Amino acid sequence: MSVEKPPARGVGSGSTLVLAVLASGQFLMTLDSSVMNVSMATVAQDVGTTITGIQTAITLYTLVMASLMITGGKIGSILGRRRAFGLGLIIYGIGSFVTGLAPNLAILLLGWSLLEGVGAALIMPAIVSLVASNFSPERRAAAYGLVAAAGAMAVAVGPLLGGAVTTFASWRYVFFGEVVVVLLILLVLRKVQDVPPQRTRLDLVSSVLSVIGLTMVVYGVLRSSEWGWVRSKSGAPQVIGMSPVIWLVLGGMLVLYLFLRRQHFLTERGREALVDPALLTNRQLTGGLGMFFAQFAVQAGVFFSVPLFLSVVLELSAVQTGVRILPLSIALVLAATGVPKLWPHANPQRVVRLGLGSMIVGILVLTAGMDPGANAAVVSIPMLLMGLGLGALASQLGAVTVSAVPDTRSAEVGGLQNTATNLGASLGTALIGSILIATLTSSVVAGIEDNPAVPASVEQQATTDMAAGVPFLSDTQLVSALDQAGVDAATQQAIVAVNSDARLEALQVAFAVTALIAVAALFGTGRLPRRPVGAEDVGQRTPGDAEPDD
């Protein structure tokens, strides 16, 4: 394997402009999905499709990113990090422009799901590597914290921005605005200190295996709420009597096993592997990747469930929903920037544990607050605690993963890191979504069956119609549907009451499972270092080195 000369630390290190460029890139990568989530109905109408069509576009965007991240990191090593970042921006900008002009779903899928997804797969691993080349070890924790905070801010600000732009202008202006940001970044990209390309090659067999394996796993997980995990839901396709999801996930895992065997085969023969298997024996690196996975699974679960409570249960507008989530973004930025400044020699393991603790308390407070008298104020304290916790993790994890290996391996780490985050986000959304709908369905069916105010004929029809799953509806939407079905006023009132109770129960269960994921993550924190990142020459550490556990 060729050895890349480490960048000269200190030259241009710590530049505010460089940090702004990299943070802006991270912000763009995360903004689209959060904006689209609150604009789906309008976008569907504008491009002549259904909500299902827009959900397909969102799914494919995540799918393309997750499946290409490892390959994108390797391409960054071949081209050079800054060039890969710039090429990714150009592809992403073209995709944004095409999306802004999209007259139909096909063009939307081309511009957003494909082109922007490919661009993101080049950009995100390069960001990880460029932070390592532009900031000295003792300053990387703060730099990674700010870059991660920019991505999380996009998740929190997206509903507010998307709701406002969609309401007062057009969702298309968000994508045209992204083109402008891309052009501005490209104009100052030369200010970013590059890491030169390596003399290496891309193993196409490994790349194909990683793409197929990750695609199967991610696609299966993303379709689980619609098809069911093991047993097919009513009306869903079947493969050998079971849901396609279980076959996709199992098949994808087998392909990923073949991918790992291929990496060992190449390494043993002195050839260039897509991912060095030795990286996966590094306790600190795998600990950091596990924390990234858990962080984004919890974050996705919260950002899936909280907007449902605000926009469906309380029937707040997209703008009002964004305003209620904004405290999380503010707290996250304060924690991500404040921890490195106020606690520059922090113990990463302790900071992550405190962050997870803050997240767990916030989710539990939110769970306890799901009662019939709850209003929008119930999310304020939990959002602050969640933001502080996510910010604490953001201030440490990026530096922890990159410092686990020499700087020359940062592109590979970037690919693995972003694969872990996308898998975490996909699994978190799918798992929490499936649990929420399953709980809602069982609660509504049981409530209708046990309610004497619901006539037997209506009960039988309702339980039959709801076998495939109960949609998460507001009271207004439910009353409208019952009116169209000709249900009398007394029965309507009983069904609405059952649905209201079931929604809160479903949200409580969803939040409780999210808290359980955060608690489970605590068991993996022993793999994180106790020494501050930058306390030693990270460039001298070998891939297998690790610190002893507590």
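Only a predicted model underlies this, so the values are computations on that prediction, with no experimental measurement involved.
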query = Would V218 and N422 count as a side chain to side chain contact (heavy atoms under 4.5 Å, CB included) if you check the C-alpha gap in whole Å, the side-chain angles of each, and the deciding distance to 0.1 Å?
reply = CA-CA 9 Å; V218 175; N422 278 282; over 6 Å; no
request  = Please test I127 against N418 for side chain to side chain contact (heavy atoms under 4.5 Å, CB included), starting from the C-alpha separation and ending with a verdict.
outcome  = CA-CA 10 Å; I127 289 174; N418 285 291; over 6 Å; no
key: Full working for side chain to side chain contact (heavy atoms under 4.5 Å, CB included) between M216 and L256   = CA-CA 10 Å; M216 291 176 71; L256 290 176; over 6 Å; no
request  = Report the C-alpha separation of Q299 and F296 in whole Å, then their side-chain angles, then the decisive distance to 0.1 Å, and conclude whether the side chain to side chain contact (heavy atoms under 4.5 Å, CB included) test is met.
outcome  = CA-CA 5 Å; Q299 180 177 303; F296 276 78; 4.0 Å; yes
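Checked by atom type and distance alone, the side chain of S207 never pairs as donor or acceptor with a backbone atom of D203 at under 3.5 Å. At distances below 3.5 Å, at least one donor-acceptor pair connects side-chain atoms of R81 with backbone N or O atoms of G76. Counting only distance, with no hydrogens or angles, the side chain of S305 and the backbone of V302 share no donor-acceptor pair below 3.5 Å. In this structure, S232 contributes its side chain and P237 its backbone to a donor-acceptor pair below 3.5 Å. The backbone N or O of A278 sits less than 3.5 Å from a side-chain atom of T281, completing a donor-acceptor pair. With hydrogens and angles ignored, the 3.5 Å screen pairs a side-chain donor or acceptor of Y92 with a backbone N or O of L28. The closest donor-acceptor contact from the side chain of R172 to the backbone of A102 lies under 3.5 Å. Under the 3.5 Å distance criterion, the side-chain polar atoms of S113 are matched with a main-chain donor or acceptor of A57.
No side-chain N or O of Q508 forms a donor-acceptor pair with one of T439 less than 3.5 Å apart.
When every heavy atom of G86 is checked against every heavy atom of L186, the shortest pair comes out as O-CD2, 3.9 Å. The two residues L19 and A143 have their closest heavy-atom pair at CD1-O, 3.9 Å. The two atoms that bring G389 and S358 nearest to each other are N-OG, 3.8 Å, heavy atoms only. Smallest separation of non-hydrogen atoms from R201 and E272: O-CG, 3.6 Å. The shortest heavy-atom contact between G111 and T99 is C-OG1, 3.2 Å. In plain terms, the two heavy atoms of G387 and A335 that are nearest each other are O-CB, 4.4 Å.
Counting heavy atoms from C-beta on, the side chains of V192 and F85 never come closer than 4.5 Å. Between L101 and I107, the closest side-chain pair of non-hydrogen atoms is not below 4.5 Å. Using a 4.5 Å cut-off on side-chain heavy atoms (C-beta onward), Q396 and M291 make no contact. Contact annotation: the side chain of E178 approaches that of E116 to within less than 4.5 Å [non-hydrogen atoms, C-beta and beyond]. No side-chain heavy atom of P277 sits under 4.5 Å from any side-chain heavy atom of L260. Using a 4.5 Å cut-off on side-chain heavy atoms (C-beta onward), T286 and N282 make no contact. At least one side-chain heavy atom of L60 sits less than 4.5 Å from a side-chain heavy atom of L63. Between K74 and I70, the closest side-chain pair of non-hydrogen atoms is not below 4.5 Å.
Sparse packing is recorded around CZ of R83, with 12 or fewer heavy atoms of other residues, nucleotides or ligands lying under 6.0 Å away.
Rounding to the nearest 0.5 angstrom, the gap separating the CZ atom in F303 from the CD1 atom in I325 is 6.0 Å. Between the CD1 atom of I432 and the CG atom of L507 there is a distance of 11.0 Å, given to the nearest 0.5 Å. Interatomic distance, Q26 CD to L146 CG, rounded to the nearest 0.5 Å: 12.0 Å. With rounding to the nearest 0.5 angstrom, the CG atom of L130 is 11.0 Å from the CD1 atom of I123. Between the CG atom in L68 and the OG1 atom in T419 there is a gap of 9.5 Å [rounded to 0.5 Å]. To the nearest 0.5 angstrom, L105 atom CG is 11.0 Å from W112 atom CH2.
A search for ring pair (Phe, Tyr, Trp, His ring centres under 6.0 Å) contacts involving F304 returns nothing, not counting sequence neighbours. With sequence neighbours left out, the side chain to side chain donor-acceptor pair (under 3.5 Å) criterion links S210 to no other residue.
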Could you pull out all donor-acceptor pairs under 3.5 Å where a side-chain atom in residues 243-254 meets a protein atom, sequence neighbours excluded?
residue: S243; atom: OG; partner: G228; partner atom: O; Å: 2.6
residue: S243; atom: OG; partner: V245; partner atom: N; Å: 3.1
residue: W247; atom: NE1; partner: V239; partner atom: O; Å: 2.7

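In summary, of the residues considered (L416, L528, L285), a side chain to side chain contact (heavy atoms under 4.5 Å, CB included) with T401 occurs for L285 alone.
Note: Y219 and W227 have perpendicular aromatic rings, judged against thresholds of 30 and 60 degrees for the angle between ring planes. Using a 30° and 60° split on the angle between ring planes, F175 and W171 fall in the perpendicular class, above 60°.
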